[in-house]
Visitor: 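This structure is in structure tokens; I'll ask about it shortly.
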2 protein chains.
Amino acid sequence: MEAVAKVGYVPNPAARSLRSRKTHMVLVVLPDLSNIFFSQVLRGIEEALFAAGYGMIIGDLNGAAEKERRFADFAAAGQVDGVMLLNGHLFGEAELGVPVVALCEAIEGADIPQIEVENRKGARAMTEHLARLGHRAIGYVTGPTDNVLERERFAGYREGLERAGLVFDPGLVWEGDWKLETGAAIGRRILSEGKRQSAVFCSNDEMAIGLLRAFASAGVRVPEDISVAGFDDIEYAAMTSPALTTIRQPRRDIGREGASALLELLGGRKPAPRIRLQTELVERASAAAPKHG
Amino acid sequence: MEAVAKVGYVPNPAARSLRSRKTHMVLVVLPDLSNIFFSQVLRGIEEALFAAGYGMIIGDLNGAAEKERRFADFAAAGQVDGVMLLNGHLFGEAELGVPVVALCEAIEGADIPQIEVENRKGARAMTEHLARLGHRAIGYVTGPTDNVLERERFAGYREGLERAGLVFDPGLVWEGDWKLETGAAIGRRILSEGKRQSAVFCSNDEMAIGLLRAFASAGVRVPEDISVAGFDDIEYAAMTSPALTTIRQPRRDIGREGASALLELLGGRKPAPRIRLQTELVERASAAAPKHG
DNA sequence: TTGAAAGCGCTAACAT
DNA sequence: ATGTTAGCGCTTTCAA
């Protein structure tokens, strides 16, 4: 062993991989690398994988559906020992040939371990919270409507309205895409369309921050004139003025749990098919009782 | 070829890699994955690498210096064809054995291609800008002081003061670490220590946003009572109230150029030893002339 | 131009 | 317990 160290011998991973059919690499597919939401999730993943001697290969879809094919091929070719899907749906009808786990939200009908966050429940809780504050007309800004998470949050919003005895008004729903800029644009639109609601619940914090910005620019005060709420509790949510009322997701835990589940699978063990992580309503200043009932 | 497709044959990358001594993988080492600054840089890298058929392996140091060793070993073992360093210094005295490029700031004395951003010039420009607005006592919040970028920005700050005919006052310098929370904490400290400056220039936007938050909480108005400026122009900089005056860095380009340089190297060509990318002062509302000369 | 053969560096199976 | 050998699936070289 001294001789090994002296000579500076390093095993060749390619040869090792060829022979053992293990790469010690995991592919992480995510929809948008520039979304800060994922940074903490990635960190959780990286921590867990690194500790187990695995490396993390990032596949950023960045809205390009055709990249899914390449990532699927990549995995199918045996470049990685496992795949973590953060993009909310399975891709490549064919099997990837390696263990897969899904994070953030259930992929319907898929027989793979899932790390779920209670999106629906969280959105419901926020909607009920706003109703409890006295809001009767609660608007909603959606994320990408084909996304599982978005569908769950939207469903939670509707459930919340129902439980609070409020009627759903499609006129109070704005279609967004989870991006900051879009939030700002929608904020401007909300104002130009005339104020029909006393609160707006955004499907994520980025858009909520965009709304806050648009409202501030227009001299509309939050929460005096209109309440705003978000979802995720990204770091910036606590740093806006007013600070953003939101639903906290345990982002790092999501990553860590997901990686653990995959490592279990890679070790030949059987992880829990579903891990549900709780969300938590974080009350800050951006949502308050409306001025006039 | 039809037969190939029919049978579903996929080349084995491990065997290919063993034989050809190419992995088509690049290691990207970065200091802090959760820093939103890097997300756009990573996207630029990913785009360029993906287009060239390369994959990106993320190595997140996350403040843990001992991880550098593992990453160095990883590269030395031949797991990747090249390395991109975003952490501002070289690690592992020994050679990595593969091409390396450095992004974001020059690594002194290293004979590798560098993608530089004019940190010093940018910081100098901002300091002069603040002086031109009429500020005579301009505070500075540092990043991690052992970081090359920070050293450059700080040097730029001092140069700016000098050019404006202002004296450097160490009492107006607060030591930070580029984190949002730290910015907020320093903001509180600045207020509690009594207002000795009419403007504060933060070494990055995250901390500036933290300051903005602390000031707003305390009822201190920006820019009426105090001006704040940042560096980077992250997406959130335009979304604060007031919006943040800052120095824009072409983050995506940094990534793209870095990846291109590495790909050149991998292709046996010789890229430009240094690419300098310009910064740009973005004037927004957070910095204005002080109320009383 | 096309085909055969050697061998990359390791691991696992087998023989001692 | 230790040593030997075959072979993972390619690419590259060399021969036809």
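Every chain is numbered from 1 and lettered A, B, ... according to where its sequence line falls, protein lines coming before strand lines.
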Visitor: Residues in salt bridge (charged side-chain N to carboxylate O under 4.0 Å, His left out) with Glu280(B), at least two apart?
Guide: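 Here the qualifying residues are Arg248(B).
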Visitor: Using the salt bridge (charged side-chain N to carboxylate O under 4.0 Å, His left out) criterion, which residues pair with Glu150(B)? Sequence neighbours excluded.
Guide: none
Visitor: What N/O pairs connect the protein and nucleotides 10-12 of chain C at under 3.5 Å? Give each pair on its own line.
Guide:
{"residue": "dC10(C)", "atom": "OP1", "partner": "Tyr9(A)", "partner atom": "OH", "Å": "2.8"}
{"residue": "dC10(C)", "atom": "OP1", "partner": "Asn12(A)", "partner atom": "N", "Å": "2.8"}
{"residue": "dC10(C)", "atom": "OP2", "partner": "Tyr9(A)", "partner atom": "OH", "Å": "3.3"}
{"residue": "dC10(C)", "atom": "O5'", "partner": "Tyr9(A)", "partner atom": "OH", "Å": "3.2"}
{"residue": "dT11(C)", "atom": "OP1", "partner": "Arg16(A)", "partner atom": "NE", "Å": "2.5"}
{"residue": "dT11(C)", "atom": "OP1", "partner": "Arg16(A)", "partner atom": "NH2", "Å": "3.3"}
{"residue": "dT11(C)", "atom": "O2", "partner": "Arg19(A)", "partner atom": "NH1", "Å": "2.9"}

Visitor: If the condition is ring pair (Phe, Tyr, Trp, His ring centres under 6.0 Å), which residues does Phe37(A) pass it with, not counting sequence neighbours?
Guide: none
Visitor: Find the runs of at least 3 consecutive base pairs, i with j, i+1 with j-1 and so on, that include DNA chain D, using Watson-Crick or G-U wobble geometry with both distances under 3.5 Å.
Guide: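 Expected stems, ordered by start: C:1-14 with D:3-16.
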Visitor: Write out all pairs satisfying salt bridge (Lys or Arg N to Asp or Glu O under 4.0 Å) with one or both partners inside residues 11-26 of chain B, taking only residues at least two apart or from two chains.
Guide: none
Visitor: Salt bridge or not between Arg274(B) and Glu116(B)? Use side-chain N to carboxylate O under 4.0 Å.
Guide: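 Yes, Arg274(B) and Glu116(B) are salt-bridged.
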Visitor: Got a sec, which residues hit side-chain contact (heavy atoms from CB on, under 4.5 Å) with Pro271(A), two or more places apart in sequence or on another chain?
Guide: Pro113(A), Ala261(A), Glu264(A), Leu265(A)
Visitor: Tell me every residue that passes salt bridge (charged side-chain N to carboxylate O under 4.0 Å, His left out) with Glu118(B), counting only those two or more places apart in sequence or in another chain.
Guide: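 Checked Glu118(B) against salt bridge (charged side-chain N to carboxylate O under 4.0 Å, His left out); matches are Lys121(B), Arg276(B).
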Visitor: Of all nucleotides in DNA chain D with an atom under 4.0 Å from a non-hydrogen atom of chain A, which is the first and which the last going 5' to 3'?
Guide: dA6(D) to dG9(D)
Visitor: Which pairs with one or both residues in residues 33-47 of chain A pass salt bridge (Lys or Arg N to Asp or Glu O under 4.0 Å), sequence neighbours excluded?
Guide: Arg43(A)-Asp32(B), Arg43(A)-Asp60(B), Glu46(A)-Lys67(B), Glu47(A)-Arg252(A), Glu47(A)-Arg256(A)
Visitor: Please enumerate all residues that pass side-chain contact (heavy atoms from CB on, under 4.5 Å) together with Val100(A), with sequence neighbours excluded.
Guide: Val83(A), Leu85(A), Leu96(A), Ile112(A)
Visitor: Tell me which pairs pass ring pair (Phe, Tyr, Trp, His ring centres under 6.0 Å) where either residue lies in residues 51-70 of chain B, with sequence neighbours left out.
Guide: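 Pairs touching residues 51-70 of chain B that pass the test: His24(B)-Tyr54(B).
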